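Only one structure is covered here, and it is reproduced in the block below.
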Number of protein chains: 2
Amino acid sequence: MTKYQRIYQELLDKIKTKEYKTGDYLPSENELMKTYGSSRDTIRKALQLLLQNGYIQKVVGKGSVVLDSERIAFPVSGISSFKELKESMDGTIETIVEEFTVVPADDKLKDELHMDDGNVYIIERVRSINGEKIILDKDYLNGNIIQGLTKQHAQDSIYEYIENELNLNISFSRKEITVIPATKHDKEVLDMLDYDLLVCVKSYSYLEDATLFEYTISKHRPDKFRFVDFARRSQ
Amino acid sequence: MTKYQRIYQELLDKIKTKEYKTGDYLPSENELMKTYGSSRDTIRKALQLLLQNGYIQKVVGKGSVVLDSERIAFPVSGISSFKELKESMDGTIETIVEEFTVVPADDKLKDELHMDDGNVYIIERVRSINGEKIILDKDYLNGNIIQGLTKQHAQDSIYEYIENELNLNISFSRKEITVIPATKHDKEVLDMLDYDLLVCVKSYSYLEDATLFEYTISKHRPDKFRFVDFARRSQ
DNA sequence: GAGTGGTCTAGACCACCGC
DNA sequence: CGGTGGTCTAGACCACTCA
């Protein structure tokens, strides 16, 4: 943990515990320098993180004002694994591993995962919330990068295995959200009620060194889908 | 335009014109310092922008590698007005202003727009692409902040009016994406084919000084909806 | 070992805000 | 006017990568 990350965390805690409330101004950069015994640059890095993540807005000549982070509540924004997601939710959540196979990459998989050769893990999981099966995840993992994965990891958390046991750092992802018709298979494994459509989240995930390690298709029953985003206007 | 923004733009141009291709490394920070005659900090600010916007990935000990920005293609990511959106799309696009009214804020509007008193612009617009009416936008604008808006502005671009004529800076927004049943009114004004659902994008938009000026509900026919997102893992 | 990016420091000038 | 954040500079040390 670097210095500016520590300062970020401390300030974030104070925002979350309402020591700094919505509309309040944080102490000025000058005061924070004294408080944390650091240079202005280090303080500014910490504030930059708060800014990027939507916790504060900086106003020239005035200071850093705390935004209403309750309104965000980040359910699917950023990159988060299903396990991280469920910790911020209510209700009983269960994962059923429908498929766990390792196959040599065919042409389509080689293209999707940018790999020349090797094996691919194919994992299908149904997620149920309060007994209702509402999400179907299909993951394709590059076996050259991710090794030693077991069905138990798929049951628990693949991201946890990658980060804590393989010590790889997940860095960024690209997502695309569309709406698609439910297939026969989707209707068999999910509780679709009368719905014919599914919200489809395609996602490509990358490590710190920009290698693509995973491609995921996550299908959500429309009434249970929610995506929240915080965006700053470019430049 | 500040120095680091200029450097950002120049590097971005070189990425977009393929002078730097996907997988290439940018010149090192040291070389860029010499090229642009600036300090390392200024170079790093420019690279930070490229990083945030998903154009490069920095790898320690190696350098800044160019990512495949074609795969992004940013259709609805970030904050963009419909006018900005349509410039990046093919097809004939038309806007029909269904409603343009100014009303005193009632309790619900006061709450949504965080205002104590004053008027609210209510604007409903149908967007048609290649002759198909597929998007219904309903905007609520704080009349204390946004003044002098006309039906013609709604026909053209409200964001353009706010930024270029009122000289206000749009800074950030919060979006929520859900799927909802189409109402009778939705079915009347949109070409819904056999669909009963709409993708609903609720959006709150803020100025530079963190004041909320607009609340929008944008409903999209499911088959024509697409949202693309680039996200970095927090911390 | 030379080069890379990551972090931290100290100092400077500016435009903007509010009194 | 003093205080705020925005920009820019120059220098330092570190861990990491690669040959």
Side-chain angles (χ1 to χ4, degrees), chain A residues 1-11 20 23-52 55-67 167-169 171-172 206-211 232-235, chain B residues 1-11 20 23-52 55-67 167-169 171-172 206-211 232-235:
Chain A
M1 187 88 102
T2 62
K3 200 165 181 177
Y4 77 86
Q5 285 172 330
R6 217 197 66 232
I7 298 172
Y8 166 69
Q9 281 300 338
E10 288 196 26
L11 291 173
Y20 300 132
D24 284 358
Y25 282 89
L26 295 186
S28 73
E29 297 183 352
N30 244 307
E31 289 176 82
L32 291 171
M33 282 168 68
K34 290 171 203 156
T35 308
Y36 292 101
S38 67
S39 71
R40 190 164 165 223
D41 192 57
T42 303
I43 296 297
R44 284 177 64 78
K45 273 189 196 155
L47 294 180
Q48 183 64 25
L49 284 180
L50 291 172
L51 189 78
Q52 275 173 21
Y55 293 108
I56 63 168
Q57 173 73 356
K58 291 179 141 203
V59 187
V60 278
K62 300 179 80 173
S64 300
V65 59
V66 178
L67 299 179
N167 285 312
L168 298 172
N169 286 316
S171 179
F172 62 96
Y206 296 78
L207 298 176
E208 229 171 14
D209 63 355
T211 55
R232 293 197 170 270
R233 196 148 168 85
S234 56
Q235 292 159 50
Chain B
M1 188 87 104
T2 61
K3 199 165 181 177
Y4 77 86
Q5 286 172 330
R6 216 197 66 232
I7 299 172
Y8 166 70
Q9 280 301 338
E10 287 196 26
L11 291 173
Y20 300 132
D24 284 358
Y25 282 89
L26 295 186
S28 72
E29 296 182 353
N30 244 307
E31 289 176 82
L32 291 172
M33 281 168 67
K34 290 173 203 155
T35 307
Y36 291 101
S38 67
S39 71
R40 191 165 164 221
D41 193 56
T42 302
I43 296 297
R44 285 177 63 77
K45 273 189 196 154
L47 295 180
Q48 183 64 24
L49 284 181
L50 291 172
L51 189 79
Q52 275 173 20
Y55 294 107
I56 63 168
Q57 173 71 357
K58 291 179 140 202
V59 187
V60 277
K62 298 179 81 173
S64 300
V65 59
V66 178
L67 299 179
N167 284 312
L168 297 172
N169 287 315
S171 179
F172 62 96
Y206 296 78
L207 298 176
E208 230 172 12
D209 64 355
T211 55
R232 294 197 170 270
R233 196 149 167 85
S234 56
Q235 292 157 50

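Lettering follows sequence order; numbering is per chain, from 1. Please read all numbers here as calculations on a predicted model, not as lab measurements.
The separation between B:Tyr25 atom OH and C:dT4 atom P is 12 Å, rounded to whole Å. Residue B:Leu50 contributes atom CG, which lies 13 Å from atom P of C:dG5 at whole-angstrom precision.
When DNA chain D is scanned 5' to 3' for any atom under 4.0 Å from a heavy atom of chain A, the first and last hits are D:dG3 to D:dT7.
The salt bridge (charged side-chain N to carboxylate O under 4.0 Å, His left out) check on A:Lys3 picks up nothing, with sequence neighbours excluded. For A:Glu10, the salt bridge (charged side-chain N to carboxylate O under 4.0 Å, His left out) partners two or more places apart in sequence, or in a different chain, are A:Arg6.
You'll find the side chain of B:Ser39 stays beyond 4.5 Å of the side chain of B:Met33, heavy atoms only. Using a 4.5 Å heavy-atom threshold, the side chains of B:Gln48 and A:Gln48 count as separate. In this structure, the side chains of A:Gln52 and B:Gln52 come closer than 4.5 Å at one or more pairs of heavy atoms.
Taking both residues in full, the closest heavy atoms of B:Leu49 and B:Tyr8 are given as CB-CD1, 3.4 Å, listed atom of the first, atom of the second, then distance.
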Side chain to side chain contact (heavy atoms under 4.5 Å, CB included) between B:Tyr20 and B:Leu11, worked out: CA-CA 9 Å; B:Tyr20 300 132; B:Leu11 291 173; 4.1 Å; yes
Evaluate the side chain to side chain contact (heavy atoms under 4.5 Å, CB included) criterion for residues B:Arg233 and A:Phe172: first the C-alpha distance (whole Å), next the side-chain angles of each, then the deciding distance (0.1 Å), finally the verdict. CA-CA 6 Å; B:Arg233 196 149 167 85; A:Phe172 62 96; over 6 Å; no
For A:Lys58 and A:Leu51: C-alpha separation, side-chain torsions, deciding distance, then whether side chain to side chain contact (heavy atoms under 4.5 Å, CB included) applies. CA-CA 8 Å; A:Lys58 291 179 141 203; A:Leu51 189 78; 4.1 Å; yes
Tell me, with the steps shown, if B:Gln57 and B:Ser64 meet side chain to side chain donor-acceptor pair (under 3.5 Å). CA-CA 6 Å; B:Gln57 173 71 357; B:Ser64 300; over 6 Å; no
Readout for nucleotides 14-19 of chain C: B = base within 4.0 Å of protein heavy atom, S = sugar-phosphate only, - = neither; 5' to 3' it is --BSS-
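Note on the helix from C:dG1-D:dC18 to C:dG18-D:dC1: terminal axis deviation equals 10°, with five pairs used at each end and the result rounded to 10°.
Of the residues B:Leu47, B:Leu67, B:Val65, the one that meets the side-chain contact (heavy atoms from CB on, under 4.5 Å) test with B:Ile56 is B:Leu47. Screening A:Leu32, A:Ile43, A:Thr35, A:Leu50 for a side-chain contact (heavy atoms from CB on, under 4.5 Å) involving A:Ile7 leaves a single residue, A:Ile43.
Looking at A:Asp209 and A:Thr211, their side chains do bring a donor and an acceptor atom within 3.5 Å of each other.
Of the residues in residues 33-43 of chain A, A:Gly37, A:Ser38, A:Ser39, A:Arg40, A:Asp41, A:Thr42 come within less than 4.0 Å of DNA chain C through at least one heavy atom, sorted by number.
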